[in-house]
Structures are given as C-alpha cells and as structure tokens.
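In this chain, numbering begins with 1 at the start of the sequence shown. Whatever order the structure lists ligands and atoms in, that order sets their numbers, starting from 1.
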Amino acid sequence: MQRCTFYHYWRSSASWRVRWALAIKGVEHDVVGVDLVAGEQSTPEHQARNPLGRVPALVLADGRSLAESVAILEWLEETVPAPALYPEDPWQRARTRQLVEIVNASVQPMQNISMLRRLSPEVPVQRAWAAHYNELGLGAYEALLGQIAAEGGGNGPFSIGDRLTAADLFLVPQVYGARRFQVDVSRFPRVLAAEAAARATPHAEAARPENQPGGSLG
Ligand SMILES: N[C@@H](CCC(=O)N[C@@H](CS)C(=O)NCC(=O)O)C(=O)O
C-alpha cells in the first residue's frame, strides 16, 4: 500500500478510530494535525480533503483523499486484510457493522463540535445534550452485546467474541467521550468489559488522545 498522510485532531473520536486501525494494520503514514478549536477544518485546504470539513481524512501519495472513518476502515480492511478487523462470518460482520453504526450514526454526530455550537451557545446545554445521546447509544450498545451473546456470537470479552473488531475501535473512543460528558458508564458492564479487553491489545494505548502531540487530559 502506498504511503499516506493522516489528517486528524488529537481528541477527535473519529480520528482516533482511524489512527488505531492504521497502527494495527501497520500502514506507514505521516500525521498532520487539524486544529478543530482554531477552525482549521473549515479552510479551503482541508475542505479539499473532506468537503464536509471534518476530520479524519486520509490522503494517498497519489493525491486522492478519503474521509469518513467507516469508509476509511473498510478501505483499509480491503487493501490490508491482515490483521482482520471484521469477522469472516457474514452474520458477525453484520453485527460488527450494527455496533459501528450505533456509535458512528447515532452517538458521535450528536456531540460533534459544530452540532453543539448550533444547538446552543451555552456549554451546560451542550453537555446535557451530548450526555443524553451518549447514554442512549451506550445503553443500546450494551443491550445489543447481550443479544449477541444470547445468539451464540461469543461471550466476549470483546464486542464480538474473543477478537478485537472494528466495533471496538468505535466503542473505546465513545466511552472516553461519554466519560467527558460525565455519563455514569458503570451502568454498562458489557461495554466496560469490551473496552477493557480492547484497551489491553497492542497499539491501543498509543492511539489514545492523551498520547498524541498536543494532547493532554486537562
Ligand atoms: N462520520 C464522520 C464524523 C467526522 C466528525 O464529525 N469529525 C469531527 C471530530 S470527531 C469534526 O471534524 N468536527 C469538526 C466540526 O464539526 O467542525 C467520520 O466518522 O469520519
């Protein structure tokens, strides 16, 4: 695979998913920060990488650029198949995608910086809104993990059975986000078990926001 450039923001959960997948798959890449607080995502340079003006974006050596973390992960999976991030079994793949979309479609968009600013200029209003959708989404994720176990899809410790999948790469950053919004995540024991298992895998810690240049837990 050709060398690529990864555009990200250190605390962006969508960037985190891709940063982690690039490391797992051993894809050689350069890293460029896009400062969301300073508004760099809205520059013409960045909009040429992603017309929606968001991170992450992956730019290939030949100049083509790809945005949307789900599209990037699936492209990585198809071009660098090992180690696999999607199960071989079609039903388990579908379950993986269902878990991915709970986070990607129903939780993260509701806490995105531009959405929160449009919702209200008041930070407490923004935080309550984001917390609500994190609770809702993680509650659904928890329930689905129970269904997956009941239908024989493996009893953890990961989201899907005994292997790290794309679902975990979406879950871990979302649990981090939920904690930031002071959601009581102890209500979601299956989620926490999957998070712990995923965090114990190689590359997990290096991908975390606090381990990026410019990152801190402050
Ligand atoms: N569905 C997109 C979400 C991308 C996204 O919302 N990124 C956020 C950071 S996590 C962003 O760039 N926000 C900047 C803004 O809203 O202006 C993906 O998975 O890549």
Mind checking what residues have non-hydrogen atoms under 4.0 angstrom from ligand 1? S12, S13, A14, R17, L36, Q41, R54, V55, P56, E68, S69, N104, Q108, N112, I113, S114
The complete set of salt bridge (charged side-chain N to carboxylate O under 4.0 Å, His left out) pairs with one or both residues in residues 166-180, sequence neighbours excluded, reads R179-E195
Does the side chain of Q98 pick up a donor-acceptor pair with the side chain of R95 at under 3.5 Å? yes
Summary of salt bridge (charged side-chain N to carboxylate O under 4.0 Å, His left out) pairs that have at least one residue in residues 62-87, sequence neighbours excluded: K25-E77, D62-R64, E74-R97
For atom CD of E88, is the number of surrounding heavy atoms from other residues, nucleotides or ligands below 6.0 Å larger than 12? no
Partners passing ring pair (Phe, Tyr, Trp, His ring centres under 6.0 Å) against Y133 (at least two apart in sequence or in another chain): W129
L99 side chain reached by F170 side chain, heavy atoms, under 4.5 Å: no
